[in-house]
Amino acid sequence: MQLTRDGDAFVARLTPRQASAMYEALSFLREHDYGDTELILLVGAGREAVDALVERLAGRHTESRDFRLTLEEIHMVHSALTAAPTMFLERGGAFPEEPFHIRLGFYRENFDALAYAVVRAAAEA
């Protein structure tokens, strides 16, 4: 992932898979019946902000493209990538990979790697 500073925001060059993973993580959390309080705790923003970012990331991306993101939106994406897997944990802490992959279209390690890449790219920008 590549981030470039653009004033108070960043330009994120995202591959189709990166944009899709971010979309899936955010939309998965958004489709739960969470109120603003829960969403703020999970991703640092309420329903309106999450909906706006989900809408921008939506669509079938066929090539890499630039997304202008605020630091708050980058935080939302990072938080969604790390929070979504926790919603699948079973009693005793077991993580069921198959239901996660079926629902989100990615493996947990894909979310983990992208979350790490977001932090590294922001630090380097």
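In this structure, CG in Asp8 is found 9.0 Å from CD in Glu72, a value given to the nearest 0.5 Å. Atoms CD and CG, on Glu24 and Leu57 in that order, are 10.5 Å from each other to the nearest 0.5 Å. A distance of 10.5 Å separates OG of Ser79 from CG of Leu41, quoted to the nearest 0.5 Å. In this structure, the separation between CG on Asn110 and CZ on Arg108 is 12.0 Å, given to the nearest 0.5 Å. Taken from CG in Leu81 to CG in Leu26, the straight-line distance is 7.5 Å, to the nearest 0.5 Å.
With hydrogens and angles disregarded, a donor-acceptor distance shorter than 3.5 Å links the side chain of Arg68 to the backbone of Asp6. Of the possible polar contacts, none joining the Glu124 side chain to the Ala121 backbone as a donor-acceptor pair under 3.5 Å is found. In this structure, the side chain of Asp51 does not engage the main chain of Glu48 through any donor-acceptor pair within 3.5 Å.
Linking Ile, Leu, Val, Met, Phe, Trp and Tyr residues whenever their side-chain heavy atoms come within less than 4.5 Å places Val77 and Met87 in a single cluster. Hydrophobic clustering (side-chain heavy atoms under 4.5 Å, transitive across Ile, Leu, Val, Met, Phe, Trp, Tyr) keeps Met1 apart from Tyr107. In the hydrophobic cluster analysis, where Ile, Leu, Val, Met, Phe, Trp and Tyr join through side-chain heavy atoms closer than 4.5 angstrom, Leu89 is grouped together with Leu104.
Counting only residues at least two apart or on different chains, no side-chain hydrogen bond (donor to acceptor under 3.5 Å, both in side chains) pair has a member in residues 81-99.
Between Arg47 and Glu38 no salt bridge is recorded (no basic side-chain N to carboxylate O distance below 4.0 Å).
Note: His32 and Tyr34 have parallel aromatic rings, judged against thresholds of 30 and 60 degrees for the angle between ring planes.
A distance below 6.0 Å separates the ring centres of Phe88 and Phe28.
Within a 6.0 Å sphere centred on CZ of Phe95, heavy atoms belonging to other residues, nucleotides or ligands number more than 12.
For the pairing with Met22, the side-chain contact (heavy atoms from CB on, under 4.5 Å) check across Leu69, Leu53, Leu14 returns one residue only, Leu14.
Contact check for Phe106 versus Phe111: side-chain heavy atoms found under the 4.5 Å cut-off. Within the 4.5 Å cutoff, side-chain heavy atoms of Val119 are placed close to those of His78. Side-chain contact check for Val50 versus Leu29: every heavy-atom pair is 4.5 Å or farther apart. Looking only at side-chain heavy atoms (C-beta outward), Thr4 and Gln2 come within less than 4.5 Å of each other.
Contacts of Arg56 classified as salt bridge (charged side-chain N to carboxylate O under 4.0 Å, His left out), with partners at least two apart in sequence or in another chain: Glu73. Partners of His61 under the side-chain contact (heavy atoms from CB on, under 4.5 Å) rule, at least two apart in sequence or in another chain, are Pro16, Ala19, Arg65, Phe67.
Closest approach of Val54 and Ser27 over heavy atoms only: CG2-N, 4.0 Å. Closest of all the heavy-atom pairs between His75 and Gly44 is CE1-CA, 4.0 Å.
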Derivation of the side-chain contact (heavy atoms from CB on, under 4.5 Å) call for Arg13 and Val11: CA-CA 6 Å; Arg13 170 63 79 165; Val11 175; over 6 Å; no

